[in-house]
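Beneath this line is the structure, given in structure tokens, with notes to follow.
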Amino acid sequence: MKYWSQTFIPTLKESPADAEIASHKLLLRAGLVRKLGGGLYTFMPSGLRVLQKISQLCRDEIDREGGIELAMPFIHPVDNWVDGPRWSAAREIMYRVDHAGAGKGRSKEPEFVLGPTHEEVITPLVKSEITSYRDLPKNFYQIGTKFRNEIRPRYGLMRAREFVMKDAYSFDATDEGATESYHKMKRAYSAFFTRCGLKTIAVEADTGVMGGSFSHEFMVPAPVGDDDVVYSDAGYSANREKATSGLVPLGFQEAAPSGAVEEFATPGCVTIAALEAAPYSVPANQQFKTLVFMGDGKPFLVILRGCDEVEEAKLGSLGFQLWRQATPEEIEPVLGAKPGSLGAVKGTIKNPDALAGVFADHAIRLIGNGTTGANKDGFHLRHVNVDRDLAITKFSDFRRVREGEPCPKSGEPLKIARAIEVGHIFKLGTKYSEKFGAMYTDDKKQSHLMVMGCYGIGISRTLQAVIEQSNDADGIIWPWNVAPWQVLIVNMDPQDAAASDVAKKLALAAESAGADVLIDDRNERPGVKFKDADLIGLPLRLTVGGRGLKEGIIEMKWRTEKEVRKVPLAEAETIIADAVRSAAAKA
RNA sequence: CGGGCUGUAGCGUAGUCUGGUAGCGCGCUUGCAUGGGGUGCAAGAGGUCGUGAGUUCGAAUCUCACCAGCCCGACCA
């Protein structure tokens, strides 16, 4: 048991002005964290307890599925990253660590970086330690601090520069084995989030810089989330970056050409909207939108309907390491016109050989015959037929889905909701094992690449997500398993030996039933103590004081309920122990 | 990186337009009273007004630069 006066729980009446959302305010007001700088937080004693409890639940569930815990360094030699498959993409988010101390020649590149994740460390380790199929599969994990130079840290622990993460890495001999490892982790994740009292949904996700063949994100639905989840009642769910819709029906037949391509003058008309307006009156869904990107230094085109937006994450499927929108200066020499008059009609592109490809979204097939830029400033082309006139390297899905579009599984309207990403699992395949040469020998003396998966849980973000999902106007409502303490004993008369004795006796009873107990022995007014009790949100509150003791009772109240139950002193220990046991069993 | 807003005591803020003694609430300290939902009264302590330069007899206030934070966007494993 812990006495309030002997730990440190600095509660606040008011929230600091920079806290915007409920969970961030409550983290500060309940004394769980204090801010050092943007995205940098000190875990105060009670916050640390929650963090440790969540970590332990996570450890339990990963262990149950065969995870093996280890601890890798926070500081990585930069060579591990330079040698890996994503140095150019990842270097931007990594903190560099210069030499400590003076002297010694300094190289232009940093010698060390702070680890944002550990594929580049674990893969070489496994490469040198495991060479036989007999030692596979293995799934190594750790729980520790990660460092990422977030462009815009915000919402407290939600997006921080330094945060606590559980990261696991599986190594399998076969692809099927890797899929099985993936599903074990998926199971562990569901179990873990449930035990944290969190409602999560697993959605299909983009693999992004991580690479790999497929992935799921674990999302906590919340209006303050950073991600959009697209879902339908038929059970489809995906991150918006990844989500598709059944816009183009199966077996759709493109329209035949409606006439010869015809150039027409559109002076000063450089937007989709301008072309929609009179005198041109071309609906946006009949226009081809031509976007130019630079992929690893080479320009490429993306063609969409005028009414659609590009989902840049989907360009990841094209295989470029880095891509960005091209500048007007880069566009003109290649296409022959400035943005606003661009198109991809055969023969109009000034320097087609410079292009790394012309990639079209499936939905342009719905246009059939449409209007697009002529690659000549001030001119557009009409009667442009997808089949006849465009030289498409590859059709794929590049557009951002919209609410209400048909679900790709069922055709029902898709819905979109905000969510917080608390976990992400990837089936990586051989991207890293290939780059680092992580091979094993099978029973026929043949060498093969190991098949990998990687799995992350934002432990500190999970902590805040729990608060975001579970609070009311008075404060936090901790789920049983992650509460810093499960039982709060409010001693109304800490100066009174009898009351203090009873408080201690009740604490021992609750403890022996398996609860962590905090005793509020502060010499504060009752109102202060009750307000703080609600604010810090421990699940079960017991009130001991002179008034009740004269009656021969103590009071028992759940944080989730309004009702206060009077418990006769004689039965109190038994009733409390039962309450603790049944709460623990339900959690 | 672009747009907007804000920096005044540990926290929340007024004062800035119109330059002239830096104010209030919470918290903190001390005392008395009170004692079941942030109690009352009284007495205190606590400030480089984000930083630097400039204008001025005089700058929290006006000007410029910089820094930091927040929001929106971009970006984001």
Side-chain angles (χ1 to χ4, degrees), chain A residues 10-21 24-25 28-29 31 34-40 84-86 89-90 92-94 115-120 146-156 158-161 163 165 167 169 205-212 215-218 224 226-227 239 241-242 312-313 316 322-325 421-426 428 431-432 454-458 461 473-475 490-496 499 520 522-535 541 543-551 553-555 557 562 564 566:
Chain A
T11 57
L12 301 171
K13 271 190 186 177
E14 291 172 297
S15 357
D18 58 6
E20 184 79 4
I21 64 172
H24 188 193
K25 289 178 183 169
L28 292 162
R29 287 191 54 212
R34 285 294 183 261
K35 179 172 165 176
L36 173 63
L40 301 171
R86 55 173 169 169
E92 302 241 322
I93 61 151
M94 288 194 282
T117 175
H118 283 67
E119 284 80 2
E120 276 76 355
K146 296 284 181 279
F147 305 87
R148 295 183 190 179
N149 187 15
E150 290 288 350
I151 300 169
R152 180 144 88 93
R154 61 171 151 179
Y155 293 161
M158 212 64 105
R159 180 179 297 197
R161 292 200 161 103
F163 59 96
M165 185 179 187
D167 48 324
Y169 308 91
D206 187 75
T207 52
V209 179
M210 293 299 307
S215 101
H216 282 87
E217 285 171 339
F218 286 80
V224 299
D226 263 352
D227 291 87
N239 188 301
E241 292 180 348
K242 172 87 176 176
E312 287 201 28
L322 278 179
W323 63 90
R324 58 168 174 82
Q325 297 223 5
E421 177 190 345
V422 286
H424 202 159
I425 59 180
F426 298 84
L428 286 173
K431 176 175 175 177
Y432 293 84
C454 72
Y455 317 92
I457 288 176
R461 183 183 280 181
D474 295 315
V490 181
N491 184 355
M492 305 299 292
D493 299 292
Q495 313 291 20
D496 178 58
D520 185 356
R522 293 174 303 165
N523 199 12
E524 285 288 350
R525 310 229 353 142
V528 173
K529 295 186 154 200
F530 287 130
K531 283 287 183 191
D532 274 348
D534 288 341
L535 179 59
R541 187 183 87 193
T543 306
V544 177
R547 181 176 299 186
L549 293 182
K550 269 180 210 150
E551 264 183 74
I553 57 113
I554 59 111
E555 289 162 22
K557 180 185 174 298
K562 280 224 152 68
V564 178
K566 293 190 176 184

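The sequence lines fix the lettering, A, B, ..., with proteins before strands; numbering per chain opens at 1. All heavy atoms count here, side chains included; hydrogens, waters and symmetry mates do not.
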P-based separation of B:rA74 from B:rG12 [nearest Å]: 29 Å
What does A:R29 touch in the nucleic acid at a heavy-atom separation under 4.0 angstrom: a base, only the sugar-phosphate, or nothing? base
With a 4.0 Å cut-off on heavy atoms, is A:R461 in touch with a base, just the backbone sugar-phosphate, or nothing at all? nothing
By the 4.0 Å heavy-atom rule, please label A:Y455 as base, sugar-phosphate, or nothing. nothing
Pick the closest RNA chain B nucleotide for A:F163 and for A:K531 by heavy atoms, then say which residue is nearer the 5' end. A:K531
Calculate the interatomic distance between A:L535 atom CG and B:rG37 atom P; express it in whole Å. 18 Å
Interatomic distance at C1', B:rA43 relative to B:rG37, whole Å: 28 Å
Please classify the nucleic acid contact of A:I93 as base, sugar-phosphate, or nothing, using heavy-atom distances under 4.0 Å. base
Specify the separation, in whole Å, of atom NZ of A:K25 and atom C1' of B:rC70. 13 Å
Within the 4.0 Å heavy-atom criterion, would you say A:G37 contacts the bases, only the backbone, or no part of the nucleic acid? nothing
Between B:rG10 (P) and A:L36 (CG): distance, integer Å: 16 Å
Restricting to ring pair (Phe, Tyr, Trp, His ring centres under 6.0 Å), what partner residues turn up for A:H24, sequence neighbours left out? none
Identify each atom pair where a protein N or O and an N or O of nucleotides 26-32 of chain B are less than 3.5 Å apart, giving names and distance.
residue, atom, partner, partner atom, Å
B:rC26, O3', A:K13, NZ, 3.0
B:rG27, OP1, A:K13, NZ, 3.3

Looking only at atom C1', what distance separates B:rU16 and B:rA33, rounded to whole Å? 42 Å
When we call it a touch if two heavy atoms are under 4.0 Å apart, what does A:T543 touch: a base, just sugar-phosphate, or nothing? base
Within the sub-3.5 Å range, which N or O atoms of nucleotides 40-42 of chain B have a protein N or O partner, and how far apart are they?
none

Under 3.5 Å, is there an N or O donor on one side and an acceptor on the other linking the side chain of A:D534 and the base of B:rG37? yes
Base-pair string, RNA chain B, Watson-Crick plus G-U, cut-off 3.5 Å on both distances, | for inter-strand, is (((((((..((((......[..)))).((((((.....)))))).....(((((..]....))))))))))))....
Test salt bridge (charged side-chain N to carboxylate O under 4.0 Å, His left out) applied to A:D226 - qualifying residues, sequence neighbours left out: A:R154, A:R159
Please measure how far the P atom in B:rU18 lies from the corresponding atom in B:rC64, and state the result in whole Å. 15 Å
Could you work out, with ring pair (Phe, Tyr, Trp, His ring centres under 6.0 Å) as the rule, every residue matching A:F218, not counting sequence neighbours? A:Y189, A:F193
What is the distance, rounded to the nearest whole Å, between atom CG of A:L12 and atom C1' of B:rU13? 15 Å
Just by distance, do the side chain of A:R161 and the backbone of A:F147 share a donor-acceptor pair under 3.5 Å? no
Under 4.0 angstrom between A:R525 side-chain N/O and B:rU39 OP1 or OP2: no
Would you classify A:R152 as touching base, sugar-phosphate or nothing, given that sugar-phosphate means primed atoms plus P, OP1 and OP2, and contacts are heavy atoms under 4.0 Å? base
If we take the C1' atom in both B:rC71 and B:rC32, what is their distance in whole Å? 48 Å
Students often get this wrong, so: under 4.0 angstrom with heavy atoms, is A:K146 touching a base, only sugar-phosphate, or nothing? nothing
To the nearest angstrom, how far is A:N239 atom CG from B:rC76 atom C1'? 12 Å
Is A:D532 touching bases, backbone alone, or none of the nucleic acid, heavy atoms closer than 4.0 Å? base
When rounded to the nearest 0.5 angstrom, what distance separates CG in A:L28 from CZ in A:R34? 6.0 Å
For A:N491 and B:rG35, give me the distance from atom CG to atom C1', rounded to whole Å. 13 Å
Students often get this wrong, so: under 4.0 angstrom with heavy atoms, is A:P116 touching a base, only sugar-phosphate, or nothing? base
Taking atom P in both B:rG15 and B:rC76, compute the distance separating them and give it to the nearest angstrom. 41 Å
Mind calculating the distance between CG (A:D496) and C1' (B:rG36) to the nearest angstrom? 15 Å
Using atom P in both nucleotides, what's the gap between B:rA45 and B:rU61 to the nearest angstrom? 27 Å
